[in-house]
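For clarity, every value in this text was computed on a predicted model and none was experimentally measured. Values reported hereafter were calculated over all heavy atoms of this structure, with side chains retained and with hydrogens, waters and symmetry mates removed.
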Amino acid sequence: MKDLTRINRNLKNTIIIDNSPTSYIFHPECALPTISWYDDMNDKELFLFLPILEGLSKVNDVWKYLAKFVLKETNQVDFVKAYEIFG
């Protein structure tokens with residue numbers, strides 16, 4: 001478990017990218033879930049996040065945007081919706 005309050009930053013401008021929901025259980029509104037990449041040398045998922053991260057870097061409240069494309073019920077990112085938002 002990772003307590004993001006320990007970094008002493010405004011959490012509305014903070015994200016955590018992690019494959020384990022347990023890691024961000026204290027701050028699910030900050031989470032950008034990813035798949036596990038262990039032993040997969042061909043994994044490129046972080047590259048898929050680049051347009052999203054660039055878009056999030058320009059907003060004042062990342063929570064508002066994450067809520068639009070992070071599917072809490074399945075703990076997955078809807079990349080189509082995210083790309084529609086951030087182009």
Side-chain angles (χ1 to χ4, degrees):
M1 290 184 268
K2 298 169 183 159
D3 182 1
L4 296 179
T5 60
R6 296 182 57 110
I7 62 174
N8 199 26
R9 295 181 185 223
N10 183 345
L11 293 184
K12 289 198 174 212
N13 296 317
T14 304
I15 61 169
I16 180 171
I17 301 174
D18 205 297
N19 67 317
S20 173
T22 304
S23 294
Y24 48 80
I25 196 164
F26 296 133
H27 311 286
E29 63 282 346
C30 299
L32 194 53
T34 187
I35 59 171
S36 295
W37 53 269
Y38 301 108
D39 298 324
D40 183 359
M41 299 306 287
N42 296 312
D43 176 40
K44 305 279 189 237
E45 188 173 46
L46 287 178
F47 288 111
L48 297 175
F49 286 134
L50 288 176
I52 297 170
L53 295 172
E54 185 175 330
L56 289 172
S57 74
K58 298 173 183 170
V59 302
N60 292 325
D61 182 351
V62 297
W63 294 0
K64 177 178 153 185
Y65 287 88
L66 289 174
K68 293 179 182 184
F69 58 83
V70 174
L71 309 172
K72 297 297 181 190
E73 59 278 355
T74 59
N75 201 44
Q76 294 179 330
V77 174
D78 182 337
F79 285 101
V80 172
K81 193 174 284 188
Y83 291 166
E84 287 173 357
I85 294 168
F86 295 118

Q) Does any N or O in the side chain of Trp63 come within less than 3.5 Å of the main-chain N or O of Leu11, such that one atom is a donor and the other an acceptor? A) yes
Q) Taking everything shown except Lys81 itself, do over 12 heavy atoms lie less than 6.0 Å from its NZ? A) no
Q. How many angstroms lie between atom OG1 of Thr22 and atom CD1 of Ile25, to the nearest 0.5 angstrom?
A. 6.0 Å
Q. Above 12 or not: heavy atoms from other molecules or residues under 6.0 Å from NZ of Lys68?
A. yes
**Q.** Separation of Ile17 CD1 from Ser23 OG (nearest 0.5 Å)
**A.** 12.5 Å
Donor-acceptor list for residues 26-34 side chains, cut-off 3.5 Å, not counting sequence neighbours:
{"residue": "His27", "atom": "NE2", "partner": "Asp3", "partner atom": "OD1", "Å": "3.3"}
{"residue": "His27", "atom": "NE2", "partner": "Leu4", "partner atom": "N", "Å": "3.2"}
{"residue": "Thr34", "atom": "OG1", "partner": "Glu45", "partner atom": "OE1", "Å": "2.3"}

Q) Do the side chains of Ile35 and Val70 join up, straight or via other hydrophobic residues, at under 4.5 Å, putting them in one cluster? A) no
Q: Check the angle between the aromatic planes of Phe86 and Tyr65 and answer parallel, tilted or perpendicular using the 30° and 60° thresholds.
A: tilted
Distance-only criterion, 3.5 Å: show the donor-acceptor pairs between side-chain atoms of residues 46-53 and protein atoms not counting sequence neighbours.
none

Q: Would you mind reporting whether Tyr38 and Asn19 have side-chain heavy atoms less than 4.5 Å apart?
A: yes
Q: For residues 5-20, pull every pair meeting salt bridge (charged side-chain N to carboxylate O under 4.0 Å, His left out), keeping only residues two or more places apart or in separate chains.
A: Lys2-Asp18, Lys12-Asp61
(Q) For residues Ile15 and Leu71: do they belong to one hydrophobic cluster (side chain heavy atoms under 4.5 Å, members Ile, Leu, Val, Met, Phe, Trp, Tyr)? (A) no
